[in-house]
Amino acid sequence: MDAWTDPLIVQDVLLVLGTLLDGRRAAASSVKRHRRVLHLLMRYAIVRGILPSDPVPESRNLTQRSAGEIDRRRLLNERQAAQLLDWIRGRPRSGQRLQAFFATLYFTGLRPEEAVALRVSDLVLLTS
């Protein structure tokens with residue numbers, strides 16, 4: 001238990017809590033759950049007289065947040081989108097309707113619930 005008095009070891013433990021086995025970052029919800037369990041263990045050690053205080057710092061923002069950037073390599077390119085829309089159009093019964101729906105999502109960036117709520121009065125067609 002002497003290891004818990006070393007702040008570098010505590011920092012390493014927190015780093016491991018936020019990392020998956022393959023080295024990627026763990027989801028924020030997983031890190032939060034693991035930290036909660038760690039705090040419960042520390043509280044147990046304090047109650048039993050094994051540790052004088054909780055060595056794990058209390059902080060709400062210890063998990064790393066994503067930068068919000070989208071990796072463009074993971075997005076559909078124009079050729080892939082055209083192939084997908086053509087494939088959808090070829091589906092029996094509702095292919096044409098679904099092609100219009102997915103084309104709206106792709107070309108406007110709307111979420112599905114926003115596309116479903118669209119009305120003709122919401123659209124403005126520009127001619128060049």
>> Leu8 vs Gln11, test: side-chain contact (heavy atoms from CB on, under 4.5 Å). Steps then yes/no.
In response: CA-CA 5 Å; Leu8 293 176; Gln11 188 177 15; 3.9 Å; yes
> What's the verdict on side-chain contact (heavy atoms from CB on, under 4.5 Å) for Leu75 and Gln80, showing C-alpha distance, side-chain angles and the deciding distance?
Replying inline: CA-CA 9 Å; Leu75 298 176; Gln80 291 169 328; over 6 Å; no
>> Test side-chain contact (heavy atoms from CB on, under 4.5 Å) on Tyr106 and Glu78; report intermediate values, then the result.
In response: CA-CA 10 Å; Tyr106 178 74; Glu78 291 179 29; 4.2 Å; yes
>> Using the rule given for side-chain contact (heavy atoms from CB on, under 4.5 Å), can you reason through Ile50 versus Trp4, listing the C-alpha separation, both sets of side-chain angles and the distance that settles it, and then say yes or no?
In response: CA-CA 11 Å; Ile50 299 169; Trp4 288 108; over 6 Å; no
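Take Asp122 and apply the side-chain hydrogen bond (donor to acceptor under 3.5 Å, both in side chains) test, not counting sequence neighbours, and it matches no residue. Residues that satisfy the salt bridge (Lys or Arg N to Asp or Glu O under 4.0 Å) test with Arg73, not counting sequence neighbours, are Asp71.
The shortest distance between side-chain heavy atoms of Ser29 and Lys32 does not fall below 4.5 Å. The side-chain heavy atoms of Arg43 and Leu40, taken from C-beta on, include a pair separated by under 4.5 Å. Counting heavy atoms from C-beta on, the side chains of Ile9 and Pro55 never come closer than 4.5 Å. Between Leu118 and Leu110 there is a side-chain heavy-atom pair separated by less than 4.5 Å.
In the hydrophobic cluster analysis, where Ile, Leu, Val, Met, Phe, Trp and Tyr join through side-chain heavy atoms closer than 4.5 angstrom, Leu105 is grouped together with Val116.
Counting all heavy atoms, side chain and backbone alike, Leu17 lies closest to Ala26 at O-CB, 4.3 Å.
How far OG1 of Thr19 is from CZ of Arg24: 11.5 Å, rounded to the nearest 0.5 Å.
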